[in-house]
Structure formats: structure tokens, C-alpha cells
K.L.:
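Submitted below is the structure of interest, expressed as C-alpha cells.
All residue numbers refer to positions in the sequence shown, counting from 1. Counting convention: from 1, in listed order, for ligands and their atoms alike.
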Amino acid sequence: GETIRLLSSSQVITSVVSVVKELIENSLDASATGIDIKLENYGFGKIEVRDNGSGIKVDDVPVMAIKHYTSKISSSEDLERLTTYGFRGEALGSICSISEVLVTTKTAADDFSIQYALDSNGHVTSKKPSHLGQGTTVTVLNLFKNLPVRKQFYSTNRKCKEELKKVQDLLTAYGIIKPDLRITLTHNKAVIWQKTRVSDHKMACMSVLGTAVMSSMVPFQHCCEYPEVLEQINLSGFLPKAESDTSLTSLSSSERSFIFINNRPVLQKEILKLIRQYYSQVTQKDCTRLYPVFFLSITVPASAVDVNVTPDKTQVLLHYKESVLLAVENVLKSLYGPLPA
Ligand code: ADP
Ligand code: MG
């Protein structure tokens, strides 16, 4: 049992960034408008995520970190109309089995917050009153304490720095898709990244990508019918302008592309490739080494997407992928012209 538990946990939680991802998704599901992330020693000393969300009800505390407990869905039909990031009840339990976890929480109905210590099975082992306001703080200590090989993998300075960069990229993505979310990232007591609350996606992009980049971008909005189900696909976001003189600011040597499907940051290689193809013909630049910066938000009916394909939910299965790709191509054609035959 212990081995299987460890194996499945290490698939959900592969790195510091996956802990941060799961914890901030929980915060967002709890309607937080502010999230503060604190890391020590690149997250291997400590990862702490504090939110001002709904908090966890006293009755839910004993089960919150039990594998497969989730307060978010109760039937398989709910998966068809999923509006939360979480739905599998796996993250908190997985984190418990590979680290030491403290959860401090207070709902609006509680008089004060309580800090709970959890054991590797997700059971509460002790509790004490605390002084925090409404919301939840999850503290993760000694990550991968029982996975020495995994821990070893991150033992070099370079790996650690890469990991920190990935955390920043992740926060950038959530910062863009959630304009009214305030975020801070602290590493070893210094604030290294932050975003304030703003009113729309444009302001959010300006604050996280910079005003120079945003001045070389154009907004787009495209809506079409999903032929297979007679429902709509909505595309919106910002792409680089079609003038090649702006290409210097809107091209980046590192990946600065942000694709979302139903508000989830996702990896969509085919979409990425399409955008690079279309954009490179305008700029005459080699988009295999310099990447266009863009933000693309795709909204499809919840029933048209399966987010249950990989443990970390970064890969999603679009049931009608061809239609979505076609919609993306239509946007690209209208902006950059057709690809040469
Ligand atoms: P899931 O997100 O799939 O439900 P998790 O293991 O991530 O599973 O979390 C388990 C449960 O703990 C959630 O369903 C939720 O009820 C509660 N929870 C976890 N984090 C928070 C948080 N930051 N605020 C409020 N509730 C939380
Ligand atoms: Mg979750």
C-alpha cells in the first residue's frame, strides 16, 4: 500500500512547480482574490501558499487530505460541467505522502483560524489555534523527503534556478487569465515577482509581460459554432502585430506563450506550431529559435474537453480538436494572411 501510494503521489507531484500549481488551483477554486507564495531554498526548504479564499469547514478538515476526497464534484456527470480546477481529490493527499504538511484555515463563520498538522496518510495529528485571517495557508516542508532520487535530481543550482523560473512562468499564466487576482512570490524572504489586481486581460498582460511587449500586440476575438455539437468556440487574446518592425519586442528567446482552454493553462503543441508558422512568414524570422509572445484563451463547452488525461492536467483532450485548430487558423489567416501553398 505504502509503495503504491508513493508511486501515484510522485506522478501528481513531480516538482516544486507542481506543488505550487496544485495549491494555487485550490486557492482559486476557493474564490481567493489574493495568493501569497513563499519559497525557501527554492521550495525544497519550504513552500507556503496563503490565500484569502473561503477557508475549509471544520467538518471537512478530517477528510480534506484523504486520497480521492474532493468537495468539488459528486458525480461523473459533474465532470461534464466542470468549473473548478480540481476534481480528483488527489493533490493534498499526494503532497502529504511525500512531505510534511501544515494547513491553517478559517472560514467566515469561524472565530479564529486553526493550524492542523497532517501525517503522511493525510490524517490530522495535532491542531492549535492560530492568528491568521480568513482563508487557507498550506505549508509544505521537506519535499520529497522519502524520494531521495527525485530530491537528488534537483540538487544542482542550475536545476533549482530552472524550477524557480518555472514557478514564475506558472504565476505569469494565472496572472494573465485571472486579472483580478493579486499574487506575490517570495524566495528566501525577498519578493521576486508580483502582480496587483487589475480590471481586464489587457492590463494583466501589461503588468506581467511588460508594456513594451503589449504595445506590439493586437487583441483578437473570434467566435464560431462547434459543428459537431452546435455549440460555440470562443477565442480571444493578444497576438503580435503583423508588422515586422514590431517583431523585436514581440519575439522572445524563451517561451512566452500562454494558451488556456477553459481558463486552464495548457500545453498545445499543434496550436503553438500553427502560430509560429503564420507569424514567421510575416517577420521572416526563424520562429524555431525566437518565439512569438502571445496570449490565447479558448473557451469550449465543458463537455467538449477531457482534462483527466495527465495527472497534472496540463494536457487536455479536446473532443473536436480539428474544429478548434480550424478556428485558430481562421484568426491567424485574418491577421497574417494565408500560408504559401
Ligand atoms: P481537489 O482540488 O481535486 O478537490 P485536493 O486534494 O487538491 O483535491 O483538495 C482536497 C479538498 O481540500 C478540496 O476539495 C477542498 O475541499 C479542500 N481544499 C484544499 N485546499 C483548499 C483551499 N486553499 N481553500 C479551501 N479549500 C481547500
Ligand atoms: Mg486541488
K.L.:
Could you identify the single nearest non-hydrogen protein atom to atom 23 (N) of ligand 1 and state the distance to 0.1 Å?
P.N.:
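Result: D51 OD2, 2.9 Å.
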K.L.:
Are the aromatic ring centres of Y85 and Y174 under 6.0 angstrom apart?
P.N.:
yes
K.L.:
Which class fits the ring pair F144 and Y154: parallel under 30°, tilted 30 to 60°, perpendicular over 60°?
P.N.:
parallel
K.L.:
Short check: any N/O/S atom of Y85 below 2.8 Å from the Mg ion (ligand 2)?
P.N.:
no
K.L.:
Any donor-acceptor pair under 3.5 Å linking the side chain of E163 with the backbone of V17?
P.N.:
yes
K.L.:
Closer than 4.0 Å to some heavy atom of G86 - which atoms of ligand 1 meet that?
P.N.:
2 (O), 3 (O)
K.L.:
I'd like to know if the side chain of D119 reaches the main chain of T125, judged simply by a donor and an acceptor atom lying under 3.5 Å from each other, with no hydrogens or angles considered.
P.N.:
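No.
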K.L.:
Among all the protein's non-hydrogen atoms, which is closest to atom 3 (O) of ligand 1, and how far away is it?
P.N.:
G89 N, 2.7 Å
K.L.:
Which of the atoms in ligand 1, numbered in the order shown and given with their element, are less than 4.0 Å from a heavy-atom of F87?
P.N.:
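Reading through ligand 1 atom by atom, the close ones are 3 (O).
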K.L.:
Could you tell me whether E162 and K159 have a side-chain N and a carboxylate O separated by less than 4.0 Å?
P.N.:
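Judged by the 4.0 Å cut-off on N to carboxylate O distance, E162 and K159 do form a salt bridge.
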K.L.:
Please verify whether a non-hydrogen atom of G53 lies at under 4.0 Å from ligand 1.
P.N.:
no
K.L.:
Strictly below 4.0 Å, N to O, side chains only: are D110 and K57 in salt-bridge contact?
P.N.:
no
K.L.:
Name the closest protein heavy atom to atom 19 (C) of ligand 1, giving the residue it belongs to and the distance to 0.1 Å.
P.N.:
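Checking every protein heavy atom, the shortest distance to atom 19 (C) of ligand 1 gives N26 ND2, 3.5 Å.
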K.L.:
Has the side chain of S155 got a donor or acceptor atom that lies under 3.5 Å from a matching backbone atom of K151?
P.N.:
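Here the side-chain-to-backbone pair does not exist.
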K.L.:
Run the numbers for me: atoms of ligand 1, each under 4.0 Å from some heavy atom of A30, listed by number.
P.N.:
24 (N), 25 (C)
K.L.:
Heavy-atom contact under 4.0 Å between I56 and ligand 1?
P.N.:
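I56 counts as a contact of ligand 1 under the 4.0 Å cut-off.
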K.L.:
I'd like to know if the side chain of D51 and the backbone of G135 have a donor-acceptor N/O pair within less than 3.5 Å.
P.N.:
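Absent.
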K.L.:
Quick one: look at T84 and ligand 1, take heavy-atom pairs under 4.0 Å, and tell me if it's side chain, backbone, both or neither.
P.N.:
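T84 to ligand 1: no contact under 4.0 Å from either part.
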K.L.:
Where on Y85 is there a heavy atom closer than 4.0 Å to ligand 1, on the side chain, on the backbone, on both, or on neither?
P.N.:
neither
K.L.:
Compute the minimum heavy-atom distance from R88 to ligand 1 and say whether it is under 4.0 Å.
P.N.:
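Under 4.0 Å: yes for R88.
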K.L.:
Before giving the answer on side-chain contact (heavy atoms from CB on, under 4.5 Å), spell out for I24 and I183 the whole-Å C-alpha distance, their side-chain angles and the decisive distance to 0.1 Å.
P.N.:
CA-CA 10 Å; I24 65 180; I183 316 175; over 6 Å; no
K.L.:
Look only at interatomic distance and state if S71 has a nitrogen or oxygen under 3.5 Å from any nitrogen or oxygen of ligand 1.
P.N.:
yes
K.L.:
Give the contacting part of A91 toward ligand 1: side chain, backbone, both or neither, where contact means a heavy-atom distance below 4.0 Å.
P.N.:
both
K.L.:
If you measure from each heavy atom of A32 to ligand 1, is any distance below 4.0 Å?
P.N.:
no
K.L.:
Counting only heavy atoms closer than 4.0 Å, does ligand 1 sit against the backbone of L92, its side chain, both, or neither?
P.N.:
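It is both parts that get close, each with some atom under 4.0 Å.
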K.L.:
Counting heavy atoms only, which of H68, K57, E25, M64 comes nearest to atom 12 (O) of ligand 1?
P.N.:
M64
K.L.:
Provide the number and element of each atom of ligand 1 under 4.0 Å from a heavy atom of T70.
P.N.:
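Every atom of ligand 1 under 4.0 Å from some heavy atom of T70: 1 (P), 3 (O), 4 (O), 14 (O).
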K.L.:
Treating Q168 as the side-chain partner and W193 as the backbone partner, does any N or O pair qualify as donor plus acceptor under 3.5 Å?
P.N.:
no
K.L.:
Between H187 and Y42, what is the ring plane arrangement, given parallel below 30°, perpendicular above 60°, and tilted in between?
P.N.:
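H187 and Y42: tilted rings.
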K.L.:
Run the salt-bridge test on R256 and D169 with the 4.0 Å N-O cut-off and return the result as yes or no.
P.N.:
yes
K.L.:
Give the contacting part of E90 toward ligand 1: side chain, backbone, both or neither, where contact means a heavy-atom distance below 4.0 Å.
P.N.:
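Near ligand 1, E90 shows its backbone, while the atoms from C-beta on stay back.
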K.L.:
Could you find the nearest protein heavy atom to atom 2 (O) of ligand 1 and give me its residue, atom name and distance?
P.N.:
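Here the closest protein heavy atom is K72 NZ, 2.7 Å.
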